[in-house]
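Data block below; observations after.
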Number of protein chains: 2
Amino acid sequence: MPSQMGKTMVQISLEGGRRDLARSGLADAALTMLERGLRAVDPGEAVRRSVRREGATLWAGRREYRLEGRKVLLLAAGKAAGGMAAALEEILDGWIGGGLVTVPAGVIVPPLSVPVREAGHPLPDEASRSCAEEVARLLQGAKSEDLVLVALSGGASALWSLPASGLCLADLRETTRLLLESGAAIEEINSVRKHLDLLKGGGVPLLAPEARFVGLILSDVVGDHLETVASGPTMPDPSCFADAWGILERRQILDRVPSAVRARLAAGLSGKLPETPKADHPVLARVENLCVGSAQEAVAAILRAAQEQGFAAACLTSTLQGEASQVGLVLGNILREEALHGRPLPCPCALLAAGETTVRITGKGRGGRNLELGLCAASRLAGLDGVLLASLASDGMDGNSGAAGAVVDGESWRSAVAAGLDPGGLLAENDSLAFFQAVGGLLRTGPTGTNVNDFSLLLAR
Amino acid sequence: MPSQMGKTMVQISLEGGRRDLARSGLADAALTMLERGLRAVDPGEAVRRSVRREGATLWAGRREYRLEGRKVLLLAAGKAAGGMAAALEEILDGWIGGGLVTVPAGVIVPPLSVPVREAGHPLPDEASRSCAEEVARLLQGAKSEDLVLVALSGGASALWSLPASGLCLADLRETTRLLLESGAAIEEINSVRKHLDLLKGGGVPLLAPEARFVGLILSDVVGDHLETVASGPTMPDPSCFADAWGILERRQILDRVPSAVRARLAAGLSGKLPETPKADHPVLARVENLCVGSAQEAVAAILRAAQEQGFAAACLTSTLQGEASQVGLVLGNILREEALHGRPLPCPCALLAAGETTVRITGKGRGGRNLELGLCAASRLAGLDGVLLASLASDGMDGNSGAAGAVVDGESWRSAVAAGLDPGGLLAENDSLAFFQAVGGLLRTGPTGTNVNDFSLLLAR
């Protein structure tokens with residue numbers, strides 16, 4: 001059934017859970033709620049909410065486009081590119097005249113008419129550069145009447161990488177790596193990338209300055225600042241060379257990035273290079289950007305699912321951020337309050353925090369933000385009955401753990417200590433995976449085909 | 001009126017607030033709620049809830065003590081020692097036969113019959129040692145029928161300092177300083193101190209092994225683990241030499257503490273020194289410990305005051321902990337959710353988090369946990385209307401700032417940036433005081449005479 005092609009029917013499985021964890025019912029309840037959340041941000045659904053066609057007329061957001069006499073290009077990149085592209089091909093039903101879809105390795109993509117390629121993530125690789133070069137070639141061939149649909153989702157920053165003059169791929173790769181390890185926020189990482197890479201920070205329409213563009217953006221960034229998703233290829237860039245320089249300085253990596261990177265930023269600072277397009281740049285007048293979906297839809301679906309299961313439900317925040325371990329302590333203590341005092345909400349209750357935490361890498365272990373958050377929350381839940389915290393990356397890939405997230409309850413911490421583990425030491429080594437391999441509770445989804453924020457769900461009975 | 005002697009009538013004043021901040025009404029509302037919270041943990045009130053006398057019979061908790069024929073000693077230390085001692089003198093009305101009250105410099109103490117002395121805080125000084133020696137002398141003179149009332153509140157760990165054999169005051173002082181700077185949790189700091197100091201970790205009853213003891217404890221520790229308050233002079237010590245060693249190792253200061261400290265802990269580890277008394281130690285059978293008050297009473301009073309002012313009110317957690325800056329981000333984002341989405345509670349609402357965060361000192365500035373929490377929360381509130389976050393140390397002294405806490409709203413961050421400040425740089429220098437000196441919003445109370453946890457109050461209209 002073609003209308004199902006882009007549909008995410010993700011199932012979350014709980015790995016190695018202790019029998020009492022599975023039996024508590026809370027784990028089942030949490031997984032059901034989170035699956036409902038993931039389905040609400042199915043990329044095909046998201047596109048179909050914003051784009052429709054009747055005959056030769058396409059509506060995207062509130063604008064309409066006549067399709068006769070113009071070529072339609074479909075460019076898509078990111079973890080949700082497959083589902084978004086499939087929905088667009090279905091809607092446009094033969095009107096698409098070319099394009100390219102780029103996804104991270106391992107993401108399952110439905111059959112498409114435009115070419116599909118895999119590229120590197122979270123660090124760009126040779127495939128990222130050759131995909132970006134193909135995108136640039138397609139754009140440079142576009143005419144003034146052509147329509148370019150640019151479907152963007154999280155991860156696209158690494159999948160398309162077109163180094164600015166004077167830079168090579170290795171420069172971008174090393175700078176990205178240093179930024180990721182420094183614990184920089186995604187806005188910061190992207191502000192730097194936009195000043196080093198020609199496809200970012202409004203660079204896409206510059207390459208086809210007469211074509212019309214529709215940016216369809218599935219937001220994976222906290223607060224849904226669209227210029228940050230995928231480093232904003234079709235968006236005005238609010239940041240400038242001085243910001244990029246300041247970020248490297250503040251994160252103490254200015255002297256460690258490749259010298260060509262420093263040289264380019266210095267040239268930009270002294271006015272020798274043009275800035276990225278700002279909101280009043282004329283090229284952006286022919287670009288329409290639409291947020292087709294974000295964590296908000298998932299938050300609403302998770303809360304609804306919780307209420308249907310009889311839980312009092314509330315969203316604590318949809319812009320969660322901060323160092324994962326510390327955020328885990330705060331959320332763990334909020335859930336502890338539920339267990340000990342039945343507040344802030346009456347039990348049974350579900351409290352949800354959506355967003356994305358960061359991890360400052362200090363060790364060589366395997367783990368991810370959701371796993372570290374869960375590990376630290378577990379320390380605050382030790383010995384409590386009737387509580388469970390589940391933390392999940394909506395793309396199904398939490399850091400380098402291979403898992404999507406984790407579940408902890410009142411026994412998790414005690415099991416780890418009883419097994420002779422030193423959870424504090426594991427945390428210092430960023431080895432949260434080892435904690436969960438020992439005590440169970442890993443969540444696995446495989447690549448979900450979508451990508452909004454992370455979800456931390458606190459349940460108390 | 002003698003019954004008012006120990007009463008805290010603390011007023012909180014807002015310093016250098018912008019006129020629009022004062023005018024918003026939210027600042028006034030927050031200060032009223034917090035004042036109600038402080039009054040609920042007035043140390044005199046707390047003692048009177050737990051101790052009463054009729055004729056020659058004293059009731060403490062559920063036990064009764066005949067006063068004839070025995071000497072009653074009153075030992076009190078901590079930020080609330082003055083108010084607690086005054087209430088006990090009033091209740092015992094002439095039955096007290098000696099004792100010592102020790103408070104940090106600057107705390108106002110009502111007139112008392114037992115001697116009052118000031119000593120060092122947060123680092124112990126010569127006065128701390130001579131007070132501890134006087135306590136030891138009084139205890140060594142106690143007979144089997146004597147009753148020792150030990151009124152303890154936060155800060156007492158530094159105010160009484162009796163170095164164990166082989167150690168000097170400077171050793172304890174330096175170890176405390178290193179622990180404080182390492183960001184160690186109060187439980188960790190105290191586990192170390194209990195193994196270096198004879199008055200801590202159940203050491204007090206050991207010095208008068210036949211007398212009866214009543215420990216009256218005003219809890220300033222998150223979760224109200226009484227063995228942690230004042231380093232538990234009358235409480236069994238759940239920690240052992242190996243824990244103390246492990247904490248110094250984990251906090252990476254084992255090689256920086258004085259060699260005599262390492263030597264003592266090593267001797268303890270190899271069984272050459274007796275452990276601190278554990279729960280089954282016979283000396284503790286003659287000790288009764290009562291929690292006379294804690295943050296819970298203040299939490300209840302703040303929520304009640306908020307409801308009386310028409311706010312929906314809930315406690316998020318009464319065990320808040322974590323690095324102040326990161327906790328500030330989480331609380332700021334929860335309040336942001338209120339402003340943008342009217343959740344987790346319907347507006348107008350008051351959300352309260354009680355506990356105590358920590359600051360890992362990296363700079364040389366002036367500030368405190370509540371000021372850092374406020375500064376970071378402000379970054380998440382920038383530009384929002386109708387929100388205010390107030391964070392307050394209940395003892396009136398937040399870190400080395402000289403202030404009790406701070407208030408931030410949607411303008412605080414923007415005012416700072418407009419004034420040319422670099423808030424991130426100030427944070428890295430632990431100079432949150434400079435931020436608030438520039439934008440206003442410092443809260444001052446002077447020493448409040450009580451000491452439970454900190455309170456972070458989030459208001460949205």
Side-chain angles (χ1 to χ4, degrees), chain A residues 185 188 222-224 246-247 249-252 296 299-300 303 312-346 349-355 357-358 360 373 376 379-380 422 424-425 427-428 456, chain B residues 183 185 188 222-224 246-247 249-252 296 299-300 303 312-346 349-355 357-358 360 376 379-380 422 424-425 427-428 456:
Chain A
E188 295 179 313
V222 173
D224 301 326
I247 288 159
E249 225 170 13
R250 203 158 54 243
R251 294 294 173 177
Q252 303 179 346
Q296 294 301 339
V299 165
L303 296 178
C315 177
L316 288 170
T317 177
S318 55
T319 55
L320 188 71
Q321 53 182 190
E323 179 70 20
S325 60
Q326 304 299 305
V327 174
L329 286 179
V330 177
L331 295 183
N333 275 318
I334 291 175
L335 187 49
R336 183 177 183 82
E337 193 75 14
E338 285 291 349
L340 298 180
H341 300 282
R343 60 192 187 192
L345 286 193
C349 80
L351 295 166
L352 178 63
T357 63
T358 41
R360 188 180 300 265
L373 187 157
C376 291
S379 73
R380 306 308 305 147
D422 166 21
L427 189 67
S456 299
Chain B
E188 295 179 313
V222 173
D224 302 323
I247 288 159
E249 222 169 15
R250 204 157 54 244
R251 294 294 173 179
Q252 303 180 347
Q296 295 300 341
V299 165
L303 295 179
C315 177
L316 288 171
T317 178
S318 55
T319 56
L320 187 72
Q321 52 182 190
E323 179 70 21
S325 60
Q326 303 298 306
V327 174
L329 286 179
V330 177
L331 295 182
N333 275 319
I334 292 176
L335 188 49
R336 183 177 182 83
E337 193 76 15
E338 284 291 349
L340 297 179
H341 299 281
R343 60 190 186 193
L345 286 192
C349 80
L351 294 167
L352 178 63
T357 63
T358 42
R360 189 180 299 267
C376 290
S379 73
R380 306 309 305 147
D422 166 20
L427 189 66
S456 298

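Within every chain, numbering begins at 1; the chains are lettered A, B, ... in the order of the sequence lines, protein sequences first and strands thereafter.
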task: Please lay out, stage by stage, how B:Thr317 and A:Val330 fare under the test side-chain contact (heavy atoms from CB on, under 4.5 Å).
output: CA-CA 8 Å; B:Thr317 178; A:Val330 177; 5.7 Å; no
With A:Glu249 via side chain to side chain contact (heavy atoms under 4.5 Å, CB included) - residues at least two apart: A:Trp245, A:Leu254
message: Just so I understand: if I count every heavy-atom pair under 4.5 Å between each of A:Arg336, A:Glu338, A:Gln326 and chain B, which residue has the most?
response: A:Gln326
message: Test side-chain contact (heavy atoms from CB on, under 4.5 Å) on B:Asn333 and A:Thr319; report intermediate values, then the result.
response: CA-CA 6 Å; B:Asn333 275 319; A:Thr319 55; 2.8 Å; yes
Most contacts with chain B, counted as non-hydrogen pairs under 4.5 angstrom, among A:Ser318, A:Gly322, A:Gly355, A:Ala314: A:Ser318
- prompt: Under a 4.5 Å cut-off applied to non-hydrogen side-chain atoms, are B:Pro344 and B:Leu351 in contact?
  reply: yes
statement: The interface call for A:Arg380 against chain B, heavy-atom contacts under 4.5 Å, is side chain
statement: Max heavy-atom pairs within cutoff under 4.5 Å with chain B, candidates A:Gln296, A:Gln321, A:His341, goes to A:Gln321
